[in-house]
Amino acid sequence: MDHNDIEEQDCLLLVDDHPTALSMLQLVLANKPYRLVTASNGQEAIRQAKYHRPALVLLDIMMPDMDGFEVCERLKADADTADSAVIFLSAVDDSQVKVRGFSVGAVDYVNKPFSGAEVVARVETHLRTKHLEDRLARKNSQLEAQNQRILESINEGIIGTDRDGRITLINGAAEQLTGWGNQSLMDKTVGSIFEASDRLIIQQLINQGQSFVSETIDMLTANQKTFPISLSITPTRYRGEIEGAVLVFRDITEQLAQDDALNKAAEELKEQRERLAHIERLSTMGEMTAGFAHEVNQPLTAISNYARVCERFANKLENPPERLIETLQKMEKQALRASEVIQRLRDFVKRPVDGRALYAPNELVLEIVQLAEVDARNNGVQIHLDLRLDDALVFVDPIQIQQVALNLIRNGLEAMSDSAERDLGLWVTGVIRGDTVQISVRDRGVGLAEGAENELFNPFYTTKKNGMGIGLSVCKTIIKDHQGNIGYRREQSGGTTFWFDLPLADEETQQ
Ligand code: ADP
């Protein structure tokens with residue numbers, strides 16, 4: 001007999017209405033490591049059991065008032081005493097009586113008169129079994145608690161179901177994500193947390209024991225809202241039979257938003273790279289313009305020279321052919337004009353050498369309008385000038401200021417390219433306002449796009465298919481650098497006015 005399994009503290013309750021029988025039992029068990037408690041009737045037995053919580057009760061069946069069966073039933077019905085194992089003692093060796101004893105919850109049966117050794121052996125056996133059961137139950141509840149802790153510590157929602165999809169387990173994350181409390185979701189079918197369109201298929205997958213992984217599917221919350229989740233369904237099996245499934249899911253709203261933002265950023269980056277490449281090409285072109293202008297100017301000068309020589313030859317003829325001479329003169333003039341345009345272009349793209357000096361804004365605007373006229377003709381728009389600047393002077397880098405004016409003029413021309421009011425032309429005006437010079441460019445174009453206000457002067461803001469969106473931002477930098485202001489007005493009668501002002505040069509600067 002292994003006494004290790006029997007704890008010294010074990011309490012035994014001996015119940016018999018015959019004092020002799022009770023003494024006999026006490027005697028038999030006296031030298032054993034048990035704490036013995038006795039009762040001589042049913043009522044007392046129940047009281048003692050509730051108080052001492054015995055591991056085992058040796059219970060006589062035949063007792064007046066309350067017999068052993070009733071005592072046993074009452075012990076089993078009370079949570080405090082239900083765990084005590086009951087062994088019946090009876091003089092009646094009748095199998096029906098024994099069956100009844102087992103049916104009310106007894107674990108064994110000892111016939112009276114009993115042999116001491118048999119009683120001890122049965123008591124020890126049952127105590128050992130009881131200890132093993134207790135240990136198993138403790139282990140089981142430890143494991144369950146551990147499982148629960150693991151489930152609760154997982155951020156993913158976990159839901160267990162039976163084969164019909166009825167929910168049998170739900171962890172804290174799942175309770176929170178679904179918006180259902182634990183109790184209200186238990187015993188519902190898993191369909192309650194999916195939209196109608198997905199319900200049937202999920203139910204079928206669980207029923208047929210199929211695995212399933214979805215990167216994104218909508219979950220339906222308790223208050224009928226939906227949000228995207230990633231979901232995996234794994235079937236659970238017991239001895240090869242499909243028992244149910246475990247659903248593991250995660251809210252991916254934020255992840256999707258991040259993916260979206262990332263895609264947008266990548267898209268923007270790509271666009272900006274393309275724009276930069278375009279700018280790079282333009283700047284290379286600009287750098288090449290000087291050489292290009294030189295190359296083209298030479299043949300143009302040669303053409304005008306040849307035209308002049310021809311004119312001279314023609315004049316020397318007996319009857320100078322007037323039409324020919326006139327045509328040659330026109331040729332010479334046009335070649336000179338082309339050469340001048342190229343010359344201006346070259347000046348314009350020349351790298352600035354911080355050439356700030358006193359300039360007449362009148363001159364600057366007139367010059368740049370001449371350059372812009374090529375564009376104006378291409379757009380079928382006429383440029384009108386209204387310059388009231390007298391002999392005002394500004395202290396500026398002329399190329400930079402002309403760049404600003406040209407940009408505003410070209411934007412105006414582009415805005416008017418499809419406009420019905422093209423006939424009204426583009427107006428460039430210059431006035432003196434207090435101690436500033438203000439240059440305005442008024443177009444009759446499509447007007448500013450909605451919501452453009454906050455973006456207009458930001459680099460890379462453009463509404464044009466082939467635009468780069470850096471013109472206005474560069475203009476702003478240049479004007480700010482010259483202590484001026486730049487702005488715009490939406491015109492009620494259609495179109496837009498862009499303007500900039502520059503401080504008039506003071507006397508000190510002029511000397
Ligand atoms: P880009 O001309 O390359 O687009 P800008 O910086 O010069 O670059 O202009 C930015 C944007 O401002 C334009 O795409 C256009 O939407 C708007 N804009 C500028 N000038 C005008 C104008 N006169 N009329 C209407 N919109 C304009």
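As the structure is a computational prediction, the values presented were derived from the model and not from experiment. Whatever order the structure lists ligands and atoms in, that order sets their numbers, starting from 1.
- For atom 23 (N) of ligand 1, the candidate residues are D443, V441, T497; the nearest heavy-atom contact is made by D443.
- In terms of protein heavy atoms, atom 18 (N) of ligand 1 is closest to L448 CD2, 4.0 Å.
- Of all atoms in ligand 1, listed by their number and element, those nearer than 4.0 Å to a heavy atom of L456 are 12 (O), 17 (C).
- Less than 4.0 angstrom separates some heavy atom of G447 from each of these atoms of ligand 1: 25 (C).
- Short contacts between ligand 1 and G467, defined as distances under 4.0 Å to a heavy atom of the residue, involve ligand atoms 3 (O).
- The single protein non-hydrogen atom nearest to atom 6 (O) of ligand 1 is L472 N, 2.8 Å, given as residue, atom name and distance.
- Taken to the nearest 0.5 Å, the CG atom of L151 stands 5.5 Å off from the CG atom of N171.
- The protein heavy atom nearest to atom 21 (C) of ligand 1 is F498 CE1, 3.6 Å.
- Near T496, with a cut-off below 4.0 Å to any heavy atom, the atoms of ligand 1 are 24 (N).
- More than 12 heavy atoms of other residues, nucleotides or ligands shown are found within 6.0 angstrom of CD on Q208.
- Judged purely by distance below 3.5 Å, without hydrogens or angles, the side chains of N379 and S417 never pair a donor atom with an acceptor atom.
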| task | Evaluate salt bridge (Lys or Arg N to Asp or Glu O under 4.0 Å) for D134 paired with R138, printing each intermediate quantity in order. | result | CA-CA 6 Å; D134 285 352; R138 264 202 310 278; 5.5 Å; no

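- Regarding atom 2 (O) of ligand 1, its nearest protein heavy-atom neighbour is K464 NZ, 2.7 Å.
- Not one N or O of A415 is nearer than 3.5 Å to an N or O of ligand 1, by distance alone.
- The protein non-hydrogen atom at the shortest distance from atom 8 (O) of ligand 1 is G469 CA, 3.1 Å.
- Atom 4 (O) of ligand 1 has T462 OG1, 2.6 Å as its closest protein atom, hydrogens excluded (heavy atom only).
- Under a 3.5 Å cut-off, the side chain of D443 and the backbone N or O of G445 do form a donor-acceptor pair.
- The protein heavy atom nearest to atom 19 (C) of ligand 1 is N411 ND2, 3.6 Å.
- Given atom 16 (O) of ligand 1, the protein heavy atom at minimum distance is T463 OG1, 2.5 Å.
- For H384, the NE2 atom is densely surrounded, since the number of other residues' heavy atoms within 6.0 Å is greater than 12.
- Side-chain N or O atoms of S440 include none that pairs as donor or acceptor with a backbone N or O of T429 at under 3.5 Å.
- The pair D78-K50 meets the salt-bridge criterion, with a side-chain N (NZ, NE, NH1 or NH2) lying under 4.0 Å from an Asp/Glu carboxylate O.
- With rounding to the nearest 0.5 Å, the separation of CD in E271 from OG1 in T462 is 10.0 Å.
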